[in-house]
Amino acid sequence: MQDRTYAADVDAGETATVAGWVHEIRDLGGIAFLILRDTSGKLQIKLEKDEMDEELVETGLGVHRESVISVSGDVKEEPRAPTGFELVPESIDVISAADPELPLDPSGKVDAELPTRLDNRTLDLRKPEVKAIFEIRAEVLRAVREQFRDLDCTEINTPKIVATGTEGGTELFPITYFGREAFMNQSPQLFKQLMAGSGLEKVFEIGPIFRAEEHNTPRHLNEATSIDFESAFADHHDAMDAAEEIVRAAYGAVAENCEEQLDLLGFDVEDFGVPEGEFPRLTYEEAIERVNATGKLDEQLVFGDDLSTEAERALGEDVGTFYFITSWPSHVKPFYIMDQDDDDSLSTGFDMMHPRMELVSGGQREHRYEELVAGFEQQGLDPEQFDYYTKMFKYGMPPHAGWGMGAERLVMTMLDLDNIRETVLFPRDRQRLSP
Ligand code: ATP
Ligand code: MG
(Lines give C-alpha, C1' and ligand atoms only; values in the text may rest on other atoms or scores of the structure.)
(Ligands and ions follow the chains in the order given, each with its own letter.)
Protein backbone atom coordinates (compact mmCIF):
# COMPACT_ATOMS: atom_id res chain seq x y z
CA MET A 1 0.00 0.00 0.00
CA GLN A 2 2.68 2.45 -0.97
CA ASP A 3 2.00 6.06 -1.78
CA ARG A 4 -1.51 6.05 -0.47
CA THR A 5 -2.83 9.53 0.25
CA TYR A 6 -5.57 10.14 2.82
CA ALA A 7 -8.76 11.60 1.37
CA ALA A 8 -8.37 14.71 3.52
CA ASP A 9 -4.79 15.29 2.37
CA VAL A 10 -5.19 15.44 -1.42
CA ASP A 11 -4.20 18.63 -3.17
CA ALA A 12 -5.24 20.09 -6.51
CA GLY A 13 -2.81 19.51 -9.35
CA GLU A 14 -1.31 16.28 -8.01
CA THR A 15 -1.71 12.68 -9.04
CA ALA A 16 -2.82 10.64 -6.07
CA THR A 17 -3.82 7.14 -5.05
CA VAL A 18 -6.54 7.01 -2.44
CA ALA A 19 -7.96 3.87 -0.82
CA GLY A 20 -11.00 3.34 1.35
CA TRP A 21 -14.67 2.43 1.35
CA VAL A 22 -17.38 3.30 -1.16
CA HIS A 23 -19.56 5.54 0.97
CA GLU A 24 -22.09 6.43 -1.64
CA ILE A 25 -22.72 6.12 -5.39
CA ARG A 26 -24.56 8.98 -7.08
CA ASP A 27 -25.49 8.20 -10.65
CA LEU A 28 -26.77 11.33 -12.38
CA GLY A 29 -26.94 9.89 -15.92
CA GLY A 30 -24.04 11.09 -18.05
CA ILE A 31 -21.99 11.70 -14.95
CA ALA A 32 -21.68 9.74 -11.73
CA PHE A 33 -19.91 10.26 -8.42
CA LEU A 34 -18.39 7.74 -6.12
CA ILE A 35 -17.84 9.07 -2.65
CA LEU A 36 -14.83 7.38 -1.12
CA ARG A 37 -14.40 7.39 2.65
CA ASP A 38 -11.32 6.66 4.70
CA THR A 39 -10.32 7.38 8.29
CA SER A 40 -9.52 10.99 7.43
CA GLY A 41 -12.73 11.92 5.62
CA LYS A 42 -14.32 11.68 2.19
CA LEU A 43 -13.38 12.39 -1.40
CA GLN A 44 -15.51 12.69 -4.53
CA ILE A 45 -14.47 10.53 -7.50
CA LYS A 46 -15.91 11.70 -10.82
CA LEU A 47 -16.98 9.27 -13.53
CA GLU A 48 -17.89 10.70 -16.95
CA LYS A 49 -19.56 7.94 -18.89
CA ASP A 50 -18.93 9.09 -22.44
CA GLU A 51 -15.48 10.44 -21.91
CA MET A 52 -13.77 7.81 -19.82
CA ASP A 53 -12.59 4.31 -20.49
CA GLU A 54 -15.67 2.09 -20.57
CA GLU A 55 -14.20 -0.61 -18.37
CA LEU A 56 -13.17 1.95 -15.78
CA VAL A 57 -16.67 3.41 -15.64
CA GLU A 58 -18.16 -0.06 -15.43
CA THR A 59 -15.92 -1.00 -12.52
CA GLY A 60 -16.76 2.22 -10.73
CA LEU A 61 -20.48 1.84 -11.14
CA GLY A 62 -20.47 -1.90 -10.52
CA VAL A 63 -19.22 -1.81 -6.93
CA HIS A 64 -21.57 -1.97 -4.00
CA ARG A 65 -21.45 0.43 -1.08
CA GLU A 66 -18.84 -0.34 1.57
CA SER A 67 -16.61 -2.18 -0.87
CA VAL A 68 -12.93 -1.36 -0.44
CA ILE A 69 -11.42 0.25 -3.48
CA SER A 70 -8.24 1.97 -4.48
CA VAL A 71 -8.36 4.80 -7.00
CA SER A 72 -5.55 6.64 -8.79
CA GLY A 73 -5.93 9.80 -10.79
CA ASP A 74 -5.60 13.55 -10.94
CA VAL A 75 -6.91 15.76 -8.18
CA LYS A 76 -8.83 18.86 -9.27
CA GLU A 77 -10.28 21.72 -7.38
CA GLU A 78 -14.09 21.45 -7.48
CA PRO A 79 -16.08 23.92 -5.41
CA ARG A 80 -19.25 21.86 -5.79
CA ALA A 81 -17.65 18.76 -4.28
CA PRO A 82 -18.22 18.25 -0.54
CA THR A 83 -14.53 18.80 0.30
CA GLY A 84 -13.69 21.23 -2.50
CA PHE A 85 -11.69 18.59 -4.40
CA GLU A 86 -12.47 15.75 -6.73
CA LEU A 87 -10.41 12.98 -8.19
CA VAL A 88 -10.61 12.09 -11.88
CA PRO A 89 -9.68 8.41 -11.97
CA GLU A 90 -7.25 6.70 -14.27
CA SER A 91 -7.67 3.38 -12.55
CA ILE A 92 -10.05 1.83 -10.03
CA ASP A 93 -9.20 -1.40 -8.20
CA VAL A 94 -11.81 -3.28 -6.25
CA ILE A 95 -9.78 -4.65 -3.36
CA SER A 96 -12.60 -6.22 -1.37
CA ALA A 97 -16.16 -6.27 -2.70
CA ALA A 98 -18.97 -5.85 -0.15
CA ASP A 99 -22.26 -7.73 -0.22
CA PRO A 100 -25.11 -5.60 -1.50
CA GLU A 101 -27.04 -6.44 1.69
CA LEU A 102 -25.47 -4.68 4.67
CA PRO A 103 -26.50 -5.45 8.26
CA LEU A 104 -26.33 -1.75 9.02
CA ASP A 105 -25.89 1.42 7.05
CA PRO A 106 -22.64 3.22 7.85
CA SER A 107 -23.81 6.33 6.03
CA GLY A 108 -26.26 6.71 8.93
CA LYS A 109 -29.26 7.31 6.69
CA VAL A 110 -30.99 4.32 8.24
CA ASP A 111 -30.83 4.17 12.04
CA ALA A 112 -29.90 0.88 13.66
CA GLU A 113 -30.73 -0.33 17.16
CA LEU A 114 -27.87 -0.70 19.63
CA PRO A 115 -27.80 -4.55 19.55
CA THR A 116 -27.47 -4.51 15.75
CA ARG A 117 -24.73 -1.91 16.04
CA LEU A 118 -22.87 -3.93 18.66
CA ASP A 119 -23.16 -7.10 16.54
CA ASN A 120 -21.58 -5.19 13.65
CA ARG A 121 -19.11 -2.87 15.38
CA THR A 122 -16.79 -2.83 12.37
CA LEU A 123 -19.48 -1.23 10.25
CA ASP A 124 -20.75 0.86 13.16
CA LEU A 125 -17.31 2.46 13.64
CA ARG A 126 -17.27 3.55 10.03
CA LYS A 127 -19.73 6.22 11.16
CA PRO A 128 -17.69 9.30 12.06
CA GLU A 129 -19.77 10.08 15.16
CA VAL A 130 -19.29 6.57 16.55
CA LYS A 131 -15.60 6.56 15.70
CA ALA A 132 -15.36 9.92 17.49
CA ILE A 133 -16.41 8.35 20.80
CA PHE A 134 -13.50 5.92 20.66
CA GLU A 135 -11.04 8.57 19.54
CA ILE A 136 -12.10 10.61 22.57
CA ARG A 137 -11.86 7.57 24.83
CA ALA A 138 -8.29 7.03 23.59
CA GLU A 139 -7.46 10.69 24.22
CA VAL A 140 -8.89 10.43 27.75
CA LEU A 141 -6.68 7.45 28.54
CA ARG A 142 -3.64 9.13 27.02
CA ALA A 143 -4.21 12.26 29.08
CA VAL A 144 -4.85 10.26 32.24
CA ARG A 145 -1.57 8.35 31.80
CA GLU A 146 0.30 11.61 31.27
CA GLN A 147 -1.26 13.20 34.33
CA PHE A 148 -0.30 10.20 36.46
CA ARG A 149 3.27 10.64 35.29
CA ASP A 150 3.09 14.26 36.44
CA LEU A 151 1.91 12.93 39.80
CA ASP A 152 5.07 10.72 39.92
CA CYS A 153 3.15 7.47 39.58
CA THR A 154 4.46 4.28 38.00
CA GLU A 155 2.11 2.27 35.79
CA ILE A 156 1.56 -1.28 37.01
CA ASN A 157 -0.28 -4.37 35.74
CA THR A 158 -1.73 -6.78 38.26
CA PRO A 159 -3.32 -10.24 37.83
CA LYS A 160 -6.87 -10.59 36.64
CA ILE A 161 -7.13 -14.24 37.70
CA VAL A 162 -7.24 -14.36 41.47
CA ALA A 163 -7.94 -16.70 44.36
CA THR A 164 -10.23 -14.38 46.34
CA GLY A 165 -12.55 -11.43 45.73
CA THR A 166 -12.58 -8.16 47.62
CA GLU A 167 -15.70 -6.23 46.73
CA GLY A 168 -18.50 -8.58 47.76
CA GLY A 169 -18.86 -12.26 46.96
CA THR A 170 -22.04 -12.17 44.90
CA GLU A 171 -20.39 -10.14 42.15
CA LEU A 172 -17.60 -12.63 41.49
CA PHE A 173 -17.16 -14.63 38.30
CA PRO A 174 -15.82 -18.06 39.24
CA ILE A 175 -13.53 -19.89 36.84
CA THR A 176 -11.67 -23.18 36.96
CA TYR A 177 -7.94 -22.82 37.31
CA PHE A 178 -6.22 -26.19 36.78
CA GLY A 179 -8.92 -27.90 38.78
CA ARG A 180 -9.04 -25.24 41.50
CA GLU A 181 -11.68 -22.57 42.00
CA ALA A 182 -10.49 -19.12 41.03
CA PHE A 183 -12.15 -15.83 40.11
CA MET A 184 -11.89 -12.98 37.65
CA ASN A 185 -10.64 -9.99 39.60
CA GLN A 186 -13.21 -7.38 40.62
CA SER A 187 -10.60 -4.73 41.36
CA PRO A 188 -6.82 -4.39 41.64
CA GLN A 189 -7.41 -3.05 45.17
CA LEU A 190 -5.22 -5.37 47.20
CA PHE A 191 -2.42 -5.56 44.66
CA LYS A 192 -2.14 -1.81 44.23
CA GLN A 193 -2.02 -1.41 48.01
CA LEU A 194 0.79 -3.96 48.16
CA MET A 195 2.64 -1.83 45.62
CA ALA A 196 2.05 1.39 47.58
CA GLY A 197 4.03 -0.38 50.32
CA SER A 198 6.76 -1.36 47.86
CA GLY A 199 9.61 0.78 46.65
CA LEU A 200 7.32 2.21 43.96
CA GLU A 201 5.18 4.13 46.51
CA LYS A 202 2.88 5.77 43.93
CA VAL A 203 1.23 3.60 41.33
CA PHE A 204 -1.59 3.55 38.84
CA GLU A 205 -3.21 0.90 36.70
CA ILE A 206 -5.63 1.03 33.80
CA GLY A 207 -7.11 -2.40 33.32
CA PRO A 208 -10.19 -4.59 33.22
CA ILE A 209 -12.36 -5.38 36.22
CA PHE A 210 -14.99 -8.11 36.18
CA ARG A 211 -18.27 -7.88 38.04
CA ALA A 212 -21.21 -10.24 37.87
CA GLU A 213 -23.64 -7.38 38.45
CA GLU A 214 -27.09 -8.59 39.34
CA HIS A 215 -28.96 -6.49 36.79
CA ASN A 216 -28.43 -5.02 33.36
CA THR A 217 -28.37 -1.24 33.75
CA PRO A 218 -27.33 1.62 31.44
CA ARG A 219 -24.27 2.29 33.66
CA HIS A 220 -22.99 -1.16 34.60
CA LEU A 221 -20.85 -3.52 32.56
CA ASN A 222 -19.73 -6.99 33.49
CA GLU A 223 -16.27 -6.19 32.17
CA ALA A 224 -15.27 -2.58 32.76
CA THR A 225 -12.04 -0.60 32.63
CA SER A 226 -10.85 0.73 35.93
CA ILE A 227 -8.44 3.61 36.36
CA ASP A 228 -6.78 2.93 39.70
CA PHE A 229 -4.54 5.12 41.82
CA GLU A 230 -2.70 4.32 45.04
CA SER A 231 -0.14 6.41 46.87
CA ALA A 232 2.00 5.89 49.95
CA PHE A 233 2.22 8.70 52.51
CA ALA A 234 -1.11 10.08 51.36
CA ASP A 235 -4.46 10.52 53.06
CA HIS A 236 -7.97 10.70 51.63
CA HIS A 237 -7.69 14.45 51.03
CA ASP A 238 -4.60 13.90 48.87
CA ALA A 239 -6.41 11.12 47.03
CA MET A 240 -9.37 13.41 46.32
CA ASP A 241 -7.00 16.07 44.99
CA ALA A 242 -5.46 13.51 42.63
CA ALA A 243 -8.89 12.37 41.40
CA GLU A 244 -9.79 15.98 40.64
CA GLU A 245 -6.58 16.48 38.71
CA ILE A 246 -7.15 13.35 36.65
CA VAL A 247 -10.69 14.36 35.70
CA ARG A 248 -9.56 17.88 34.83
CA ALA A 249 -6.71 16.54 32.72
CA ALA A 250 -9.05 14.24 30.81
CA TYR A 251 -11.55 17.02 30.06
CA GLY A 252 -8.79 19.49 29.24
CA ALA A 253 -7.10 17.16 26.76
CA VAL A 254 -10.37 16.37 25.01
CA ALA A 255 -11.23 20.08 24.75
CA GLU A 256 -7.79 20.80 23.36
CA ASN A 257 -7.27 17.88 21.00
CA CYS A 258 -10.70 16.59 20.00
CA GLU A 259 -12.53 19.61 18.64
CA GLU A 260 -13.56 17.78 15.48
CA GLN A 261 -14.84 14.75 17.39
CA LEU A 262 -16.74 16.95 19.84
CA ASP A 263 -18.30 18.76 16.93
CA LEU A 264 -19.49 15.46 15.43
CA LEU A 265 -21.11 14.64 18.76
CA GLY A 266 -22.88 17.98 18.95
CA PHE A 267 -20.62 19.79 21.42
CA ASP A 268 -19.28 23.24 20.94
CA VAL A 269 -15.71 23.16 22.17
CA GLU A 270 -16.16 26.67 23.60
CA ASP A 271 -18.72 25.53 26.12
CA PHE A 272 -17.47 21.98 26.62
CA GLY A 273 -17.32 22.19 30.40
CA VAL A 274 -13.78 21.59 31.59
CA PRO A 275 -14.29 21.47 35.36
CA GLU A 276 -12.49 24.21 37.26
CA GLY A 277 -11.58 24.78 40.88
CA GLU A 278 -12.04 22.41 43.79
CA PHE A 279 -15.09 20.14 43.56
CA PRO A 280 -17.48 20.65 46.50
CA ARG A 281 -16.85 18.11 49.26
CA LEU A 282 -20.06 17.23 51.09
CA THR A 283 -20.06 14.90 54.03
CA TYR A 284 -22.34 11.92 53.79
CA GLU A 285 -24.55 13.50 56.43
CA GLU A 286 -24.83 16.76 54.49
CA ALA A 287 -25.51 14.76 51.34
CA ILE A 288 -28.48 12.86 52.77
CA GLU A 289 -29.91 16.04 54.29
CA ARG A 290 -29.61 17.70 50.94
CA VAL A 291 -31.24 14.83 49.07
CA ASN A 292 -34.11 14.76 51.55
CA ALA A 293 -34.55 18.52 51.16
CA THR A 294 -35.07 18.16 47.40
CA GLY A 295 -38.35 16.37 48.14
CA LYS A 296 -37.74 14.17 45.12
CA LEU A 297 -37.54 10.86 46.95
CA ASP A 298 -40.57 8.78 47.87
CA GLU A 299 -38.88 7.77 51.08
CA GLN A 300 -36.55 9.96 53.14
CA LEU A 301 -33.02 8.66 53.60
CA VAL A 302 -31.80 7.93 57.09
CA PHE A 303 -28.23 7.82 58.35
CA GLY A 304 -26.64 4.55 57.26
CA ASP A 305 -28.51 4.15 53.97
CA ASP A 306 -26.54 3.79 50.76
CA LEU A 307 -27.51 6.31 48.07
CA SER A 308 -29.92 4.79 45.58
CA THR A 309 -29.78 5.67 41.90
CA GLU A 310 -32.71 8.07 42.45
CA ALA A 311 -30.93 9.68 45.39
CA GLU A 312 -27.72 10.12 43.35
CA ARG A 313 -29.72 11.75 40.59
CA ALA A 314 -31.65 14.11 42.87
CA LEU A 315 -28.46 15.18 44.62
CA GLY A 316 -26.57 15.57 41.34
CA GLU A 317 -29.27 17.84 39.94
CA ASP A 318 -29.16 19.88 43.12
CA VAL A 319 -25.35 20.25 43.21
CA GLY A 320 -24.97 20.61 39.45
CA THR A 321 -21.20 19.98 39.23
CA PHE A 322 -18.70 17.26 40.06
CA TYR A 323 -18.64 16.78 43.82
CA PHE A 324 -17.40 14.45 46.53
CA ILE A 325 -19.30 12.66 49.24
CA THR A 326 -16.98 12.14 52.22
CA SER A 327 -17.23 10.71 55.73
CA TRP A 328 -19.34 7.68 54.84
CA PRO A 329 -20.50 5.50 57.70
CA SER A 330 -17.80 2.88 58.25
CA HIS A 331 -20.11 -0.09 57.76
CA VAL A 332 -21.06 1.00 54.23
CA LYS A 333 -17.43 0.98 53.09
CA PRO A 334 -15.13 -2.03 52.60
CA PHE A 335 -12.79 -3.43 55.29
CA TYR A 336 -9.67 -1.90 53.79
CA ILE A 337 -10.93 1.68 54.29
CA MET A 338 -9.63 3.41 57.41
CA ASP A 339 -11.99 4.83 60.02
CA GLN A 340 -11.71 8.46 61.01
CA ASP A 341 -9.32 9.21 63.88
CA ASP A 342 -11.87 10.86 66.13
CA ASP A 343 -14.95 8.77 65.31
CA ASP A 344 -14.73 5.13 64.29
CA SER A 345 -18.36 5.05 63.13
CA LEU A 346 -17.26 7.24 60.22
CA SER A 347 -14.78 6.26 57.52
CA THR A 348 -12.27 8.12 55.39
CA GLY A 349 -14.01 6.65 52.36
CA PHE A 350 -15.23 9.01 49.64
CA ASP A 351 -17.03 8.88 46.33
CA MET A 352 -16.54 11.35 43.51
CA MET A 353 -19.78 12.03 41.73
CA HIS A 354 -20.66 13.38 38.34
CA PRO A 355 -24.12 14.98 38.58
CA ARG A 356 -25.46 11.87 36.83
CA MET A 357 -23.69 9.07 38.75
CA GLU A 358 -20.78 7.82 40.81
CA LEU A 359 -17.43 7.93 39.03
CA VAL A 360 -14.91 7.14 41.75
CA SER A 361 -14.69 5.39 45.11
CA GLY A 362 -11.66 5.82 47.30
CA GLY A 363 -10.30 6.50 50.73
CA GLN A 364 -7.41 6.26 53.09
CA ARG A 365 -6.49 2.62 53.69
CA GLU A 366 -6.11 0.79 56.96
CA HIS A 367 -2.37 0.17 57.17
CA ARG A 368 -2.23 -1.07 60.79
CA TYR A 369 -2.02 -4.87 60.86
CA GLU A 370 -4.25 -5.56 63.88
CA GLU A 371 -7.00 -3.18 62.75
CA LEU A 372 -6.89 -4.58 59.22
CA VAL A 373 -7.34 -8.16 60.35
CA ALA A 374 -10.18 -7.13 62.67
CA GLY A 375 -11.85 -5.39 59.73
CA PHE A 376 -11.80 -8.60 57.67
CA GLU A 377 -13.52 -10.46 60.47
CA GLN A 378 -16.14 -7.74 60.92
CA GLN A 379 -16.98 -8.01 57.23
CA GLY A 380 -17.37 -11.79 57.47
CA LEU A 381 -14.21 -12.48 55.45
CA ASP A 382 -11.63 -15.04 56.47
CA PRO A 383 -8.32 -13.20 56.99
CA GLU A 384 -6.40 -16.46 56.42
CA GLN A 385 -7.46 -16.38 52.77
CA PHE A 386 -5.89 -12.96 52.44
CA ASP A 387 -2.68 -13.89 54.19
CA TYR A 388 -0.62 -12.97 51.11
CA TYR A 389 -1.93 -9.43 51.56
CA THR A 390 -2.18 -8.95 55.32
CA LYS A 391 1.27 -10.33 56.08
CA MET A 392 2.92 -7.52 54.12
CA PHE A 393 1.38 -5.14 56.65
CA LYS A 394 3.74 -6.66 59.20
CA TYR A 395 6.84 -5.61 57.31
CA GLY A 396 6.51 -1.85 57.13
CA MET A 397 3.36 -0.57 55.45
CA PRO A 398 3.20 3.23 55.16
CA PRO A 399 -0.08 5.12 55.45
CA HIS A 400 -1.60 5.18 51.99
CA ALA A 401 -4.70 6.21 50.07
CA GLY A 402 -6.16 5.81 46.62
CA TRP A 403 -9.21 5.28 44.47
CA GLY A 404 -10.76 3.52 41.48
CA MET A 405 -12.47 5.38 38.65
CA GLY A 406 -14.60 3.80 35.94
CA ALA A 407 -13.12 4.76 32.57
CA GLU A 408 -16.38 4.08 30.75
CA ARG A 409 -18.37 6.18 33.19
CA LEU A 410 -15.90 9.01 32.75
CA VAL A 411 -16.38 8.95 28.97
CA MET A 412 -20.12 8.31 29.16
CA THR A 413 -20.77 11.30 31.42
CA MET A 414 -18.29 13.50 29.57
CA LEU A 415 -20.13 12.92 26.29
CA ASP A 416 -23.59 12.81 27.83
CA LEU A 417 -24.26 9.33 26.44
CA ASP A 418 -27.34 7.47 27.64
CA ASN A 419 -25.83 4.02 27.71
CA ILE A 420 -22.41 2.94 28.97
CA ARG A 421 -22.25 0.37 26.15
CA GLU A 422 -21.71 3.27 23.71
CA THR A 423 -18.22 3.69 25.22
CA VAL A 424 -17.09 0.07 24.87
CA LEU A 425 -16.19 -1.58 21.58
CA PHE A 426 -17.44 -5.02 22.57
CA PRO A 427 -19.43 -4.71 25.78
CA ARG A 428 -20.04 -7.61 28.11
CA ASP A 429 -23.42 -7.69 29.78
CA ARG A 430 -25.79 -10.43 30.93
CA GLN A 431 -26.90 -11.20 27.39
CA ARG A 432 -23.82 -10.34 25.44
CA LEU A 433 -20.76 -12.58 25.30
CA SER A 434 -19.83 -12.15 21.66
CA PRO A 435 -18.56 -10.46 19.63
P1 ATP B 1 -22.08 1.39 41.73
O2 ATP B 1 -22.55 1.57 43.14
O3 ATP B 1 -22.35 2.57 40.86
O4 ATP B 1 -22.52 0.09 41.14
P5 ATP B 1 -19.66 0.55 42.97
O6 ATP B 1 -19.66 1.42 44.18
O7 ATP B 1 -20.12 -0.86 43.10
O8 ATP B 1 -20.48 1.26 41.81
P9 ATP B 1 -16.80 0.55 43.08
O10 ATP B 1 -16.53 -0.80 43.60
O11 ATP B 1 -16.79 1.69 44.03
O12 ATP B 1 -18.21 0.52 42.32
O13 ATP B 1 -15.83 0.81 41.84
C14 ATP B 1 -15.19 2.06 41.57
C15 ATP B 1 -15.69 2.66 40.26
O16 ATP B 1 -15.59 1.72 39.21
C17 ATP B 1 -17.15 3.06 40.29
O18 ATP B 1 -17.32 4.34 40.87
C19 ATP B 1 -17.49 3.06 38.81
O20 ATP B 1 -17.04 4.25 38.17
C21 ATP B 1 -16.66 1.90 38.29
N22 ATP B 1 -17.46 0.68 38.21
C23 ATP B 1 -17.70 -0.20 39.19
N24 ATP B 1 -18.47 -1.20 38.78
C25 ATP B 1 -18.74 -0.97 37.48
C26 ATP B 1 -19.48 -1.66 36.48
N27 ATP B 1 -20.09 -2.81 36.74
N28 ATP B 1 -19.55 -1.14 35.24
C29 ATP B 1 -18.91 0.03 34.97
N30 ATP B 1 -18.19 0.72 35.85
C31 ATP B 1 -18.09 0.24 37.11
MG1 MG C 1 -18.32 2.76 44.86
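First listed ligand is number 1; within each ligand, the first listed atom is number 1.
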> Of the side chain and backbone of Ile420, name the one, both, or neither that has a heavy atom under 4.0 Å from an atom of ligand 1.
side chain
> Taking Glu312 as the fixed residue, which of His354, Glu358, Arg356 is the one that meets the side chain to side chain contact (heavy atoms under 4.5 Å, CB included) rule?
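Filter result, single survivor: Glu358.
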> Can you list the atoms of ligand 1 that are under 4.0 Å from a heavy atom of Ala224?
28 (N), 29 (C), 30 (N)
> Would you verify whether the NZ or CZ of Arg281 falls within 45 degrees of the ring axis of Phe324 while also being under 6.0 Å from that six-membered ring's centre?
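Cation-pi check for Arg281 and Phe324: passes.
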> Under the side chain to side chain donor-acceptor pair (under 3.5 Å) rule, what do Arg137 and Thr225 come out as? Steps first, then yes or no, please.
CA-CA 11 Å; Arg137 179 185 159 119; Thr225 310; 3.1 Å; yes
> Say whether Ile209, considering both its backbone and side-chain N or O atoms, lies within less than 3.5 Å of an N or O atom on ligand 1.
no
> Taking both backbone and side-chain atoms of Met405, is any N or O found less than 3.5 Å from an N or O belonging to ligand 1?
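Such a contact does not occur with ligand 1.
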> Say whether Gly404, considering both its backbone and side-chain N or O atoms, lies within less than 3.5 Å of an N or O atom on ligand 1.
no
> Atoms of ligand 1 less than 4.0 Å from Leu221 heavy atoms?
26 (C), 27 (N), 28 (N), 29 (C)
> List the atom of Leu87, the atom of Ala16, and the distance in Å for their closest heavy-atom pair.
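Nearest heavy atoms, Leu87 then Ala16: CD1-O, 4.0 Å.
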> If you take the nearest heavy atom of each of Ile227, Leu359, Asp351, which one is closest to atom 20 (O) of ligand 1?
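Shortest heavy-atom distance from atom 20 (O) of ligand 1: Leu359.
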> I would like to know whether Glu171 and Gln186 meet side chain to side chain donor-acceptor pair (under 3.5 Å); could you show each step before the answer?
CA-CA 8 Å; Glu171 289 185 0; Gln186 296 168 303; 4.5 Å; no
> Check step by step if side chain to side chain donor-acceptor pair (under 3.5 Å) holds for Thr176 and Glu181.
CA-CA 5 Å; Thr176 306; Glu181 183 177 56; over 6 Å; no
> Out of curiosity, is Glu358 lining ligand 1, as in a heavy atom under 4.0 Å away?
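For ligand 1, residue contact (heavy atoms, under 4.0 Å) with Glu358 is present.
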> Set out, in order, the CA-CA distance, both residues' side-chain angles and the distance that settles side chain to side chain donor-acceptor pair (under 3.5 Å) for Arg430 and His220, then state yes or no.
CA-CA 10 Å; Arg430 289 185 91 84; His220 288 96; over 6 Å; no
> List ligand 1 atoms under 4.0 Å from Val360, heavy atoms only on the residue side.
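Result: 18 (O).
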> Please find the N/O/S atom of Glu358 nearest to the Mg ion (ligand 2) and write down its name.
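Result for Glu358 and the Mg ion (ligand 2): OE2.
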> Side chains of Asn222 and Glu213 only: does a donor on one sit below 3.5 Å from an acceptor on the other?
no
> Does Arg219 come within less than 4.0 angstrom of ligand 1, counting non-hydrogen atoms of the residue?
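Yes, that is the case, since the closest heavy atom of the residue is under 4.0 Å from the ligand.
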> Does ligand 1 have a heavy atom under 4.0 Å from the side chain of Glu213, from its backbone, from both, or from neither?
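It is the side chain that gets close, since no backbone atom is under 4.0 Å.
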> Among His220, Glu408, His354, which residue places a heavy atom closest to atom 1 (P) of ligand 1?
His220
> For the residue pair Phe148 and Phe204, does the interplanar ring angle fall in the parallel (under 30°), tilted (30 to 60°) or perpendicular (over 60°) class?
parallel
> Can you check whether Ser361 has an N/O within less than 3.5 Å of an N/O in ligand 1?
yes
